Amino acid sequence: MTTPPAGLEGPERRDFIREIVAADVAAGRVDAPVTRFPPEPNGYLHIGHAKSICLNFGVAAEFGGRCHLRFDDTNPEKEEQEFLDAIEADVRWLGFDWGEHLYHASDYFEQLYGWAGHLIEAGLAYVDDQSADQIRETRGTLTGPGRDSPWRDRPAAESLDLFARMRAGEFPNGARVLRARIDMASPNLNLRDPILYRIVHASHPRTGDAWCVYPTYDFAHGQSDAIEGVTHSICTLEFENHRPLYDWLIEHLPVPHVPRQVEFARLNLTHTVLSKRVLLRLVQEGRVRGWDDPRMPTISGLRRRGFPAEGIRDFAAMIGVAKTDSVIEVGQLEFAVRAVLNRTAPRRFGVLDPLKVVITNWPGDRIEAMEVVNNPEDPAAGERPVAFGRELWIEREDFLEEPPPKFFRLAPGREVRLRNAYFITCDEVVKDESGTVVELRCTYDPATRGGDAPDGRRPKATLHWVSTAHAVPAEIRLYDHLFAQPFPGAGGTDLFGDLNHASETIVHGAMLEPALADAPVGATVQFERLGYFVKDPDSGPDAPVFNRTLTLRDTWARVRASG
RNA sequence: UGGCGCGUGGCUCAACGGUAGAGCACCUGACUCUGGAUCAGGGGGUUCCAGGUUCGAAUCCUGGCGCGCCAGCCA
């Protein structure tokens, strides 16, 4: 993060969370902030989590504090080791380091169990024998109070005994729960004797079968924060209603530290969906290639798509942090990604839809090595030799037999420049029986080697090209937004009905300059004039597969579309 | 007809009582061996509404309106 993100020059940025932290530091309430990123290992991380990761690790770094990675693994029925591993890898890939501070809520199960007992002894919690249905029925409504459980006033000793027997495995799932004893008439439903522990006979990815009672989020999260010395427990808006409970538990437990919960608005993006539930469905129903499908908003999907971590971090910095529910246009993310890629991606030649060009005045089989610029944005990237010969592939859409007014590229009788090579003029169009153009016969000007004419002639277009004798065929996967609608499922329509059926287009028989065959998986390049592409793990030894990360900004496409 | 939170250009976010700014998007021009990049410029806001306080309100107060979240033994 050495280069300031686009649009972020100037004074240090200050969102309301950083102001809170700064104020706490200034007032001496905290020495240095301790934050945490607390994912539940029940799925893969997505771009929304990236916002939170950048916030938590960013605040810690900026104020000389630290950020923990803590798994909120309190629900063994949904959590898996695969997710634990993927989450660690994704956070690391994003560029953040938790050092020694890797924790799990499950590390604290014994302590949490002890504190639950403390609450029971203090008359602040009780074992409830009601069923889930009964508890729901007596919780009341948004506008009306709930009713006390018949077990609410049972002796502490009895609750203690029952709670121990719950842990010992004497009861089936759902037979009893431990509840806080707060206020069944509270306007905040979270305070109507919330459930602290439930019986779950399931194997936990980390604790195995050691437990059959598990703390709920509410009983685990704040206390974990307290144990770790977290100063600012930053979470999303939907937990705002939980803050009174968070504070109540901290106040009534002998915790070693008092953390503070602060809420911000989660990220929403157009043309995609950031719901773990829906993402899981997309994967399970085979609508995508998996969690890391290049169309997925998951960190692993973005990575496979070719979005650099730096671009994602810049994006997070650009959009800021606030409490307003908002939806960011996906174009903003794409802007941040292009900004990084434009600076860093080596340029290469790749022809997606090849059309043969034969240079009729080329001397026989001669092959010349043209010196081609690797990155005009980065002189240090140097040049590379690219073979040039009598027969070449150019992009089919770079030729039009009857060019409209604003079309500058190749046409009969017209001269264009082949990038870093020669000027060529189209003399003849060869078609097959069906009338399809199959070959262009052109002549080149030997005086324009390298791409400049001695007489100062300047063609209006410069085309990319690949020598047919050297080209490597490849599969190219063109990606577009996962959903065709900016707000999928808006207006109560079926979410999946808004899927973009053209989100993935597979192109076979693209022709690439030979160097690309050896590129490592994950290598990002710019195919000149087309966009950014990344080598996909599906690539074979002699069968490269490239994913299109993003197109270049294309004003011609706009002209064409509008007219 | 509960509680909590939020309302500033198309989108996101600033402005913390003193003439409403930035990034993205959009438009125009310059430059260019990527119709890219870069540079310069432009259009666009009754700051949700109505009262009030104040010399002065996007900022403070009151009342509306709109939107979001909450009735899992999910997080």
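In the text below, chain A, chain B and the rest are named by the order of the sequence lines, each starting its count at 1. Values reported hereafter were calculated over all heavy atoms of this structure, with side chains retained and with hydrogens, waters and symmetry mates removed. What you see is a predicted model, and the numbers here were worked out from it, not measured in a lab.
- Counting any heavy atom pair closer than 4.0 Å across all strands shown, A/Leu530 reaches no nucleic acid atom.
- The nearest whole Å value for the distance from the CZ atom in A/Phe315 to the C1' atom in B/rC11 is 11 Å.
- Residue order along RNA chain B, read from the 5' end via each residue's closest nucleotide, puts A/Thr143 first among A/Thr143 and A/Thr74.
- For the pair A/Asp480 and A/Arg548, the salt-bridge criterion is not met [side-chain N within less than 4.0 Å of a carboxylate O].
- A/Pro39 comes within 4.0 angstrom of no nucleic acid atom, judged by non-hydrogen atoms across all strands.
- Residue contacts for A/Gln130: at a heavy-atom cut-off of 4.0 Å it reaches a base atom on one of the strands shown.
- Distance alone, capped at 3.5 Å, places no donor-acceptor pair between the A/Ser233 side chain and the A/Arg260 backbone.
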Across nucleotides 38-45 of chain B, 5' to 3', mark each nucleotide with B, S or - according to how protein heavy atoms within less than 4.0 Å reach it.
--------
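- Remark: A/Arg558 is in phosphate contact with B/rC26, judged by side-chain N or O atoms under 4.0 Å from OP1 or OP2.
- For B/rC73, neither phosphate oxygen OP1 nor OP2 lies less than 4.0 angstrom from any side-chain nitrogen or oxygen of A/Arg176.
- Taking atom P on both B/rU59 and B/rU19, the two are 14 Å apart, rounded to the nearest angstrom.
- Straight-line distance between the P atoms of B/rC60 and B/rG5: roughly 14 Å, to the nearest whole Å.
- Residue side chain A/Glu238 does not reach the base of B/rG68 through any donor-acceptor N/O pair under 3.5 Å, judged by distance alone.
- Between the side chains of A/Glu395 and A/His464, a donor-acceptor pair is found at a separation under 3.5 Å.
- Pair check for B/rG72 finds none; no Watson-Crick or G-U wobble contact set falls under 3.5 Å.
- Protein atom CG of A/Leu196 is 13 Å distant from nucleotide atom P of B/rC74, rounded to whole Å.
- Nucleotides B/rG64 and B/rG3 have their P atoms positioned 12 Å apart, rounded to a whole Å.
- To the nearest whole angstrom, the two C1' atoms, one in B/rU12 and one in B/rU47, are 16 Å apart.
- Whole-Å rounding puts the A/Arg14 CZ to B/rC13 C1' distance at 16 Å.
- Taking atom P on both nucleotides, B/rA71 is separated from B/rG56 by 47 Å, rounded to a whole Å.
- Listed pair A/Ser131 / B/rC73 fails the phosphate criterion, with no side-chain N or O lying under 4.0 Å from OP1 or OP2.
- Checking A/Ser52 against A/Asn56 by side-chain atom types alone, a donor-acceptor pair falls below 3.5 Å.
- Between A/Thr555 and B/rG36, a side-chain N or O to OP1/OP2 separation shorter than 4.0 Å is present.
- Heavy atoms of A/Arg139 sit under 4.0 angstrom from primed sugar atoms or phosphate atoms, though from no base atom.
- In this structure, a donor-acceptor pair under 3.5 Å is present between the side chains of A/Arg449 and A/Tyr422.
- Base pairing analysis places B/rU28 opposite B/rA40; the two distances defining the Watson-Crick or G-U wobble pair are each below 3.5 Å.
- Within the nucleic acid shown, A/Ala132 comes within 4.0 Å of at least one base atom, counting heavy atoms only.
- Residue contacts for A/Val327: at a heavy-atom cut-off of 4.0 Å it reaches the sugar-phosphate backbone alone, with no base atom in range.
- Spacing of C1' atoms, B/rG21 relative to B/rG63, comes out at 31 Å, to the nearest Å.
- Among the protein residues, A/Val321 comes within range of the sugar-phosphate backbone only, with heavy atoms under 4.0 Å from sugar or phosphate atoms but none that close to a base.
- A salt bridge is absent between A/Glu528 and A/Arg348: the closest approach of a Lys/Arg side-chain nitrogen to an acidic carboxylate oxygen does not fall below 4.0 angstrom.
- B/rA14 makes up no base pair with any nucleotide shown, lacking Watson-Crick or G-U wobble contacts both under 3.5 Å.
- With P as the reference atom, B/rC49 and B/rU54 are 23 Å apart, rounded to whole Å.
- Each salt bridge (Lys or Arg N to Asp or Glu O under 4.0 Å) pair with one or both residues in residues 129-143 of chain A, not counting sequence neighbours, appears once here: A/Asp129-A/Arg154, A/Asp129-A/Arg176, A/Asp133-A/Arg136.
- Rounded to whole Å, atom C1' of B/rU12 lies 10 Å from atom CE of A/Met318.
- In this structure, A/Lys51 places its NZ atom 10 Å from C1' of B/rC13, rounding to the nearest Å.
- No contact: A/Phe264 has no heavy atom under 4.0 Å from any strand.
- Straight-line distance from the CZ atom of A/Arg198 to the P atom of B/rC74: 4 Å, rounded to whole Å.
- Residue A/Glu528 is in base contact, counting any heavy-atom pair closer than 4.0 Å across all strands shown.
- Heavy atoms of A/Glu77 sit nowhere under 4.0 angstrom from any nucleic acid atom.
- Residues that satisfy the salt bridge (Lys or Arg N to Asp or Glu O under 4.0 Å) test with A/Asp445, not counting sequence neighbours, are A/Arg457.
- Side-chain contact annotation: A/His481 with A/Glu334, donor-acceptor N/O pair under 3.5 Å present.
- Taking a 4.0 Å limit (strictly below) on heavy-atom distances, residues 164-174 of chain A reaches RNA chain B at A/Gly174.
- Counting non-hydrogen atoms under 4.0 angstrom, A/Asn241 reaches a base of the nucleic acid.
- Distance noted for atom P between B/rC24 and B/rC61: 35 Å (whole Å).
- In this structure, A/Lys78 atom NZ and B/rC73 atom C1' are separated by 12 Å, rounded to whole Å.
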Show me the side-chain donor-acceptor pairs of residues 316-332 of chain A shorter than 3.5 Å, one per line, residues at least two apart or across chains.
{"unit_1": "A/Lys323", "atom_1": "NZ", "unit_2": "A/Glu240", "atom_2": "OE2", "d": "2.6"}

Would you sort out whether A/Glu228 and A/Tyr108 count as a side chain to side chain donor-acceptor pair (under 3.5 Å), showing the intermediate values?
CA-CA 10 Å; A/Glu228 295 175 18; A/Tyr108 315 132; 2.5 Å; yes
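- Residues forming a salt bridge (Lys or Arg N to Asp or Glu O under 4.0 Å) with A/Arg266 (at least two apart in sequence, or on another chain): A/Glu238.
- Pair check for B/rC6 finds B/rG66; Watson-Crick or G-U wobble, both atom distances under 3.5 Å.
- A/Arg192 contributes a side-chain N or O that, together with a main-chain N or O of A/Ser186, makes up a donor-acceptor pair within less than 3.5 Å.
- For the pair A/Leu463 CG and B/rG35 C1', the interatomic distance rounds to 11 Å; values are reported in whole Å.
- Pairing for B/rU19 is absent, with no Watson-Crick or G-U wobble pair whose two atom distances lie under 3.5 Å.
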